[in-house]
Amino acid sequence: MTRSLSGFLNPISLLLFTSFACAATVTYDFNITWTKANPDGQFERSVIGINNQWPIPTIRVNIGDQLIVNAYNGLGNVSTALHFHGMFQNGTTNMDGPAGVTQCGIAPGSSFTYNFTVAQPGTYWYHSHVRGQYPDGLRGPFIVNDPNSPFKDQYDEEIVLTLADWYHQLPSTLLKRFISYANPTGAEPVPESALMNDTQGLKIHVEPGKTYMFRVVNMAAFAAQYFWIEGHTMQVIEVDGVYTDPMEASMLYFTAAQRYSFLVTAKNDTKANFAIVAHMDEDLFDAIPAGLNSNVTSWLTYEDNADFPQAKEISVEDLQPFDDFDLVPVDKMELLGEPDQTVSLDMIMDNLSDGANYAFFNGITYVRPKVPTVFTALTSGEMATNPAIYGVNSHAFVLKKDEIVDVVLNNLDPGKHPFHLHGHTFQVIARSQDDEGVYANNVTFPKIPMRRDTVLVRPNGNFVLRFKADNPGIWLFHCHIEWHMASGLSVTMIENPLDLQKSLTIPEDHYKACKEANIPTIGNAAGNTKDLLDLSGANVSPKPIPAGFTTRGIVALVFSILAAFIGLAVISWYGAAPLGASTQVAAEKEIAEAQMEHDIARGINTGSVPVSH
Ligand SMILES: *[C@@H]1O[C@H](CO)[C@@H](O)[C@H](O)[C@H]1NC(C)=O
Ligand SMILES: *[C@@H]1O[C@H](CO)[C@@H](O)[C@H](O)[C@H]1NC(C)=O
Ligand SMILES: *[C@@H]1O[C@H](CO)[C@@H](O)[C@H](O)[C@H]1NC(C)=O
Ligand SMILES: *[C@@H]1O[C@H](CO)[C@@H](O)[C@H](O)[C@H]1NC(C)=O
Ligand SMILES: *[C@@H]1O[C@H](CO)[C@@H](O)[C@H](O)[C@H]1NC(C)=O
Ligand SMILES: *[C@@H]1O[C@H](CO)[C@@H](O)[C@H](O)[C@H]1NC(C)=O
Ligand SMILES: *[C@@H]1O[C@H](CO)[C@@H](O)[C@H](O)[C@H]1NC(C)=O
Ligand SMILES: *[C@@H]1O[C@H](CO)[C@@H](O)[C@H](O)[C@H]1NC(C)=O
Ligand SMILES: *[C@@H]1O[C@H](CO)[C@@H](O)[C@H](O)[C@H]1NC(C)=O
Ligand SMILES: [Cu+2]
């Protein structure tokens, strides 16, 4: 990392200099490569590291800094991309990271520079935004120091701590089984372990009487975690980058992708050590594998020679986390005015005609377009405000400059889901408890709502979010359970595309990355340039199940095709599969995998695979 202080004498730098202590350029050179790791001590696997190291580095900048990440894809066999979770990317939507949305995936052997101004303080993280990839390990903390933090005088030291779930198998393998006719209920892969700071049994040294600011990030693919520190309370002061009035909590709940900062004051006089416990929310798991330990313990360590006690077991009824809805932002931003546009989203899970289970908003499951959405927006002139050109399965909503937008989400599914909006924090103005059904439009909104960038919807419940469309760009709104993202639980917000056409300049290396990956950068979602409303050739989802046909019938059909033509027919079936099995993979491997799936299908027939819901 280099900190350069060049350009100090131009007027803009001087301006920055007065509002921020010192606006520097912070550069990271990342060679993204496969390496090996065994963080739970049970199984060594391939993981994605950076510069041959794993865990990957923490990105640290000061507010106002220009961050440059030179990313080289040294993986050899898969493309990649980096998303900086929670960054507004105001004026730089093309630096946001989701492949197929704001950039092309970086092909093996290609490089790509992320370059943006960090305008927000707080606790963030960065991760791959290529289908199924961040559970491979390509995720790490991203911390923005703020010399003017309202809490700067209230703590002595800062402690960064990550939570994660961990799988022994690669997501590429898990996804093939998850989105398959052999898994028609959509039972998600269950992680093997929980991790804290990518390990277990971490000793965190503290000194009596000192106050620590913990910055905790849940980088999980799937599991939310309950979190507590035995014998200590936490004063919450930041949620997803938003400072809050301090609120005391004895237990926190982190969905995938959420963050909290909180103050913990060490005891004055103690010779004991205290368990720091994270417990994965088992409600999320359709079936709990025998022997699963959903807990991970670290220790607040006062005395190295004292005991490191086992975490005290607590009952399910005592899992009573702090309610983030009650938080009040320090800036006291009031409830935004009445909405100009309401985006209503009803979510369900269902099976399609390939027999696999998908996730839907308003009957549409997300499929990545042929042309990354940002390029469609930039090359479509006045047509950019017509959602149709982005393709049915991008599920685009066009937002007008500075309008107030409500997102009303009705969860018609019995699961919990953490939703994340790119490019914004939102006010959480209504949120139901479990089983309250669809939003009834009779809620009194808080005067000063809580704001964050990732929020949980309860099973068969709802929420309402509000934000101002003051950030031109292309922003995904999606479930942060990586499995659900892969099964299509996403929509695309096209925010003020006409301004974007005037203001956004995409650097040459971003176009080069597209060229190297053979991805077009002009035209509608299908790459058509003459008639932008002609979506023929666009990527679409499999068709719905025809009326009168049961899913089991479809499964039986697919199964018999497999049994009869294991060989070429299998390859073509895979070739026709939605979202494309990798064409880089040798046919032999496909057949081997088909045979494995075939075995799983047989397992279902004999009832030996957990079937849920
Ligand atoms: C990235 O790392 C790989 C593996 O160590 C190495 O072979 C390659 O030369 C590196 N590439 C760059 C651009 O640093
Ligand atoms: C890519 O390479 C890694 C490391 O060798 C391997 O574990 C993984 O299975 C490969 N992935 C694919 C999709 O071939
Ligand atoms: C990063 O972006 C800034 C602002 O557009 C530009 O001045 C600078 O040259 C860029 N740096 C790199 C390394 O691309
Ligand atoms: C946890 O890991 C991060 C970076 O990966 C590191 O900065 C931090 O110090 C670690 N925390 C503890 C308590 O060891
Ligand atoms: C710890 O000691 C300090 C300084 O003597 C005192 O102000 C504080 O109240 C004590 N804290 C506790 C928890 O006893
Ligand atoms: C994990 O923690 C929970 C909550 O304390 C407890 O109920 C459960 O028994 C623990 N599981 C194991 C394997 O220790
Ligand atoms: C199809 O999907 C639903 C909803 O996820 C699931 O409950 C059901 O079991 C599936 N149908 C069959 C026949 O497996
Ligand atoms: C809002 O409407 C729902 C459904 O009609 C009802 O169950 C609930 O009690 C109402 N809540 C309030 C605060 O009026
Ligand atoms: C983006 O920048 C514009 C212009 O400075 C500002 O009005 C707007 O509030 C910013 N939006 C966000 C989300 O930061
Ligand atoms: Cu979800």
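We count ligands from 1, going down the list as the structure has it; atoms in each ligand are counted the same way. Just so you know, residue 1 is the first one in the sequence shown, and it goes up from there.
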Would you say I159 has any N or O atom under 3.5 Å from an N or O of ligand 4, going by distance alone?
no

Can you list everything that forms a ring pair (Phe, Tyr, Trp, His ring centres under 6.0 Å) with F30? Sequence neighbours excluded, please.
Y28, Y126

Considering residues at least two apart in sequence or located in another chain, which fulfil the side-chain hydrogen bond (donor to acceptor under 3.5 Å, both in side chains) criterion with R139?
D198

When you compare ligand 2 with N77, is there at least one nitrogen or oxygen pair between them that comes in under 3.5 angstrom?
yes

Y134: which of H85, H480, H83 passes ring-ring contact (aromatic ring centres under 6.0 Å, His included):
H480

Name of the residue among H422, R259, Q258 meeting side-chain hydrogen bond (donor to acceptor under 3.5 Å, both in side chains) with D453
R259

Write out all pairs satisfying ring-ring contact (aromatic ring centres under 6.0 Å, His included) with one or both partners inside residues 36-58, taking only residues at least two apart or from two chains.
F43-H168, W54-W166

Does any N or O atom in R60 lie less than 3.5 angstrom from one in ligand 4, N or O only?
no

Can you list the atoms of ligand 2 that are under 4.0 Å from a heavy atom of S46?
4 (C), 7 (O)

Cationic tip of R452 above Y260 ring, under 6.0 Å, 45° of axis:
yes

Should the pair K203 and F308 be classed as cation-pi, given the thresholds of under 6.0 Å to the six-membered ring centre and 45° from the axis?
yes

Are the aromatic ring centres of H232 and F274 under 6.0 angstrom apart?
yes

One line per pair, note the atom names and distance for all nitrogen or oxygen contacts under 3.5 Å between ligand 1 and the protein.
from     : atom 1 : to  : atom 2 : distance (Å)
ligand 1 : 2 (O)  : N31 : ND2    : 2.2
ligand 1 : 5 (O)  : N52 : ND2    : 2.9
ligand 1 : 11 (N) : N31 : ND2    : 2.9
ligand 1 : 14 (O) : N31 : ND2    : 3.0

